[in-house]
Each structure stands twice: as structure tokens, then as C-alpha cells.
Amino acid sequence: MRDPIQSILDAFRRELAAASTAADLEPIRIKYLARKGQIAALYDGLRDVPATEKPAVGKEINELRDILQRELDAKREGIESSRVQSTSNLDLSLPGRPRPIGTKHPITQTIDEIKTIFARMGFTVADGPEIETDYYNFEALNFPPEHPARDMQDTFFVANKVVLRTHTSPVQIRVMESQPPPVRVIIPGRVYRNEAVSTRSHVLFHQIEGLYVDRGVTFSELKGTLVSFVRQFYGSDVKYKFRPTFFPFTEPSADMYISCFICSGKGCRVCKFGGWLEILGSGMVHPNLYKYVGYDPEAVSGYAFGMGIERIAMLRYGIDDIRLFFENDIRFLKMF
Ligand code: PHE
């Protein structure tokens, strides 16, 4: 009985060594370990073994069976793990592939910074719809019916009396409608204008609107707030000036300019050799607006301002083409 055991083990090991796939293993298992396999035959042969030797021989067969089972399992595992490695080209010793981390868009970064500065001065953030009615975009803002901005030339019409908002000022009306004074909000958002796309203008851009209405708000508070803003945003040595201008929804109105931070006012390409950069429009809220929102024009006064974000970001980062903000070229976005 000893020899058959040894020769079965030798034959089994030879066949196992020659197997290279999981499919090769199954016939080997059947040949040796299945119910009609060679191990089973050995157990059958026990019948003819003298009673005194039975326990010892039985033990040897048990051991052979366990060895075969163990070696078959080990071989199967080896085949399995090398298959996983070769199909996925897994080399666990290689360093990981870096996943590029996204960054905030420079427009979002600029808006965030401006929000933070105004939040410190007590402004909360409001927003409103980008698709607006003629009423909010123009009428309640005191635009006369024949104002050129109401023309198809400048404004995208969605339907009769429905437009893509051309500025964030309609949200002034919506905010005042929704709450009694005092209000102190900034309103960032997208605005749309029907313009030829070029390095300097786009059909879509962003503005931040500001609105403060309370009892006894004065023009000097408007100036003080904006001066504080430009000092925090551009640096405490920035020079500024206000120049009278016109908006239907503010009276009086003023554009704010800062000294060119590229050339400190000496004159360069960025400031078109004027030394000054226009950064926002502003003014005291026109009393007609209060009538539209149910405020008492005799009891309250307020100021508003609005600035274009792309322009501010372009000046700040020295970007000479507004279209770069909308192309999402990763090489551009990674610079900020
Ligand atoms: N809405 C104006 C514009 O788009 C900016 C502005 C806002 C001016 C608020 C005065 C007050 O140019």
C-alpha cells in the first residue's frame, strides 16, 4: 500500500506543475479527489488490508488526501492572483497617479473676496432670477419707455416683456418688495447683454450690486463705504475719485475711479494712458423706486452701487481677453 501512495503523490504533483489555468485544475481534482477518484479507490482497497494494519494505512490515506487538497487549493490561489495582476496591469509598487485638484474659478474667487469685505460692513447676500420681466429690469427702476437700453439691440428678449436681465439692479426692487427697511444687501450674479463678443465685451458677465436703505442714509456714507471697499480690495494707498454720471434709478449718480495700480497713475496700456480706471457705478436710490416697492420716500433714503466682476478681475490679474473666463481652459484656470 505504501508504493501506490507515493506514486499517486508523484503523479499528482507532476500534473499540478503542468497546469497553468483554473480550467486545467478541474480534471486533476476529478482524477484524484472526486467520489470516483484515486483517493476514493484507496479507501475502497482498505477492505483487503489485514485488520491490524488498517488504522495505520487509513491514516496514511487521510494524510495523502489532505496534502492533495492543500496543494490543489494553493495552486488555484496562485493562478487566480497572477490572473488579476496581469489583466489589470497592477503594479502595487508604482506611485499613485495624481488626480488634479480643481480650483475656484477666478470670477468666483473675486466675488468671494468682495462678499467678505462687504460682509464685514454689515451687508448680507441676496439673489434674484436671471430671466426677468421688463417690469423689474426697467420699469420699476425708473427707465423711461423710450430708454435705449430697452431696445432689442442691447437686450436679449425671451418673450414679450421678458428679458435676460441686463444688470443686477432688478434685485434691488425684489429685495425691497420682500422686506421693510432697513435693507443692506449685496447681490452677485450673471447678467446678459446683446453685444458683439470681443476681447473687452461678452454677452454674459457678472456684476455685484449693493443696496443700503434706511432712515437718513447720505451720499457721504456711500462714499465712505466704497472708499473703505477699494482700500481693502486694492490696498490702503489707492487713490480714487468720483465723477458725476447718470442712471435712471439713482440721483445723484457717480462713477468711481481708482488710480491705475499698474502704473500708479502715470499712464499705461491698462488705463489707456489716462492714469485712472473706472470700477463701478453708484448713486442715491431714486425716490421713484420707493413708490414701486411701497416704501415712503419722505421717510427713507439709500444708496446703490454696481460693479462688473470680469472687469475688476481683468484689471487685477492683468488679463487682456474677457473670453478667457468662459472657455474653461484648464491651463488658464490653473493660474489662479
Ligand atoms: N446697474 C448699473 C449698470 O449696470 C450699475 C449701477 C448699479 C449703477 C447701482 C448705480 C447703482 O451699469
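Counting convention: from 1, in listed order, for ligands and their atoms alike. As the structure is a prediction and not an experimental result, all values here were calculated from the model.
Ring to ring, Phe138 and His147 are not that close: their centroids are 6.0 angstrom or more apart. Aromatic ring centroids of Phe156 and Tyr192 lie 6.0 Å or more apart.
Of all the atoms in ligand 1, the ones that sit under 4.0 Å from a non-hydrogen atom of Ser169 are 1 (N), 7 (C).
Environment of NZ in Lys272: sparse, with no more than 12 heavy atoms of neighbouring residues, nucleotides or ligands closer than 6.0 Å. Few gaps surround CZ on Arg323; more than 12 heavy atoms of other groups in view lie less than 6.0 Å from it.
Among the atoms of His167, some N or O lies under 3.5 angstrom from an N or O of ligand 1. Distances between N or O atoms of Thr166 and those of ligand 1 include no value under 3.5 Å. Residue Ser282 places no N or O, backbone or side chain, under 3.5 Å from any N or O of ligand 1. Remark: ligand 1 and Glu209 share no N or O pair separated by less than 3.5 Å (distance only, no angle test).
Between Tyr303, Phe247, Phe249, Phe305, it is Phe247 that holds the heavy atom closest to atom 12 (O) of ligand 1.
The aromatic rings of Phe233 and Phe229 lie parallel to each other, with less than 30° between the two planes, well short of the 60° mark.
Proximity of Met284 to ligand 1, defined as any heavy-atom pair under 4.0 Å, is not found for any part of the residue.
Within the 4.0 Å heavy-atom shell around ligand 1 one does not find Arg165.
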